[in-house]
Each structure stands twice: as structure tokens, then as C-alpha cells.
Amino acid sequence: MAPFYTFTPNSTSISFPWPVSVTGTERVMLSAQGNLQKFLSAFFARPIHVSLVYSNDFDTTPSGERTPTLTPNVLSASRDRPALQTRQVYLECEDKIVCICTSTVTMSNPHVANLFLVEKYPIGQTFSKLGQTANFELIEESRSTTESKPTDNSALWRKYRLFVEDFECEILEVFPSRQMFSFGEAWL
């Protein structure tokens with residue numbers, strides 16, 4: 001796949017085969033690279049809150065097997081035995097869900113695992129605390145039409161990867177109503 005985001009000294013480009021029906025505002029939100037919460041806050045001119053729906057922690061073996069755990073291996077997280085969490089959060093504005101985020105997060109060193117699992121920083125803020133810009137790979141996006149993805153035609157979703165050394169996230173985000181991008185603050 002060609003790079004999603006490219007730049008030269010005098011130009012910048014975001015390239016993806018967007019469906020014709022995706023609006024400019026939707027393309028901006030779908031292009032967010034670990035900073036969706038900030039973009040949504042600017043769009044709605046209000047705070048965006050993260051509400052945890054569930055999280056499941058796993059220890060992993062060098063062969064990749066997952067074992068559920070109540071106490072993840074924060075202090076011993078390594079590339080051979082990363083700490084792993086599956087989770088779902090709601091991004092909320094004025095008590096309305098503006099995005100449902102389901103992710104698998106892999107942490108391969110104790111510092112990263114501590115930030116995410118103990119200090120409870122959300123994904124985007126973890127990259128900020130690490131002082132790193134995440135690499136971004138947009139895997140897929142669309143309005144929902146298949147059984148394996150959300151099925152509400154008014155919803156918009158994307159699946160992508162954010163990663164730096166020792167911290168990798170695969171995320172499915174569902175915007176439950178495309179109307180929010182048309183009506184903005186009035187939709188709230």
C-alpha cells in the first residue's frame with residue numbers, strides 16, 4: 001500500500017481511495033492519527049471524555065499465546081512477552097457517544113505498559129507522554145455494509161494501526177451517526 005501521508009518541502013498529501021459519499025469533514029476525522037479526541041473537541045467546541053466500556057488484560061508467551069490475567073505483566077513487558085489489552089471505550093461529548101473505539105494494544109516495555117495500564121493514559125495521550133508521533137496505517141474505512149463490520153448505514157467506521165517501537169494499537173472506530181458531521185454542535 002502506498003503511504004497514507006506524504007510530504008515534501010512544499011506540499012503535503014493525504015491519499016486514500018475514499019468513497020465518493022465521504023464528506024470533507026468525515027475525511028478529516030478518518031485521517032486523525034492518534035488525535036481524534038482533539039479533533040472532535042475542536043469540531044464540537046466542547047470537551048471529549050473517554051468512558052471505558054471494558055478492558056481485558058493478557059499475558060503472552062514467546063509463541064504468541066494469550067492468557068487472560070487480572071494482573072498484567074507491567075514490570076516484565078518485553079518484545080518476547082508483551083503485555084496485551086483488548087478494550088472498548090466511548091468518546092463522549094455532552095453525554096452523547098460520538099465514537100465507539102475497540103482496540104487491541106500491545107506494550108513491549110515496562111515504561112509503556114505502566115503509562116497505559118497503570119497510569120491509565122488513553123492511546124493518543126500515551127504517544128504524547130512517550131514524546132513520539134505514531135506511525136499510522138489506515139487499513140480500511142467505509143459506511144457499514146458487511147456482517148463483520150457495524151451494519152447501520154448511517155454509521156461510518158475505520159480500522160487502522162498506530163505504532164512506535166514497543167507500543168502498537170489496532171483500532172476499529174465507529175462513528176454512530178454521520179449526521180453529527182453535518183449538524184455539529186446542534187447534533188448534541
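What you are looking at is a predicted structure, and each value in this text was computed from that prediction instead of being measured.
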- prompt: Parallel, tilted or perpendicular: which fits the ring planes of F136 and Y160, with parallel below 30° and perpendicular above 60°?
  reply: tilted

Across all chains, not counting sequence neighbours, the side chain to side chain contact (heavy atoms under 4.5 Å, CB included) partners of D80 are S78

Measure from NZ or CZ of R46 to the centre of the six-membered ring of F44, then state whether that distance is under 6.0 Å and the direction lies within 45° of the axis. no

Hits for ring pair (Phe, Tyr, Trp, His ring centres under 6.0 Å) against F7, two or more places apart or cross-chain, chain-then-number order -> Y5

Contacts of F167 meeting ring pair (Phe, Tyr, Trp, His ring centres under 6.0 Å) (sequence neighbours excluded), chain-then-number -> F116, F127

Checking T106, D166, N109 against R79 for side-chain hydrogen bond (donor to acceptor under 3.5 Å, both in side chains), the one that qualifies is D166

### Query
Taking atom types as modelled and ignoring hydrogens, do the side chains of Q37 and Q125 form a donor-acceptor contact shorter than 3.5 angstrom?
yes

Checklist entry - Will you find, in the side chains of T23 and T25, an N or O donor that is under 3.5 Å from an N or O acceptor? => result no

How close do [X] and [Y] get, heavy atom to heavy atom, and via which atoms?
{"X": "P110", "Y": "L75", "value": "CG-O, 3.3 Å"}
{"X": "L36", "Y": "C99", "value": "CD2-SG, 4.0 Å"}
{"X": "P176", "Y": "V98", "value": "CD-O, 3.4 Å"}
{"X": "L115", "Y": "K129", "value": "CD1-CB, 4.0 Å"}

Tracing side-chain contacts under 4.5 Å among Ile, Leu, Val, Met, Phe, Trp and Tyr outward from F58 reaches L84

Quick note, salt bridge (Lys or Arg N to Asp or Glu O under 4.0 Å) partners involving residues 13-39, not counting sequence neighbours, are E26-R178

Across all chains, not counting sequence neighbours, the side chain to side chain donor-acceptor pair (under 3.5 Å) partners of N114 are E119

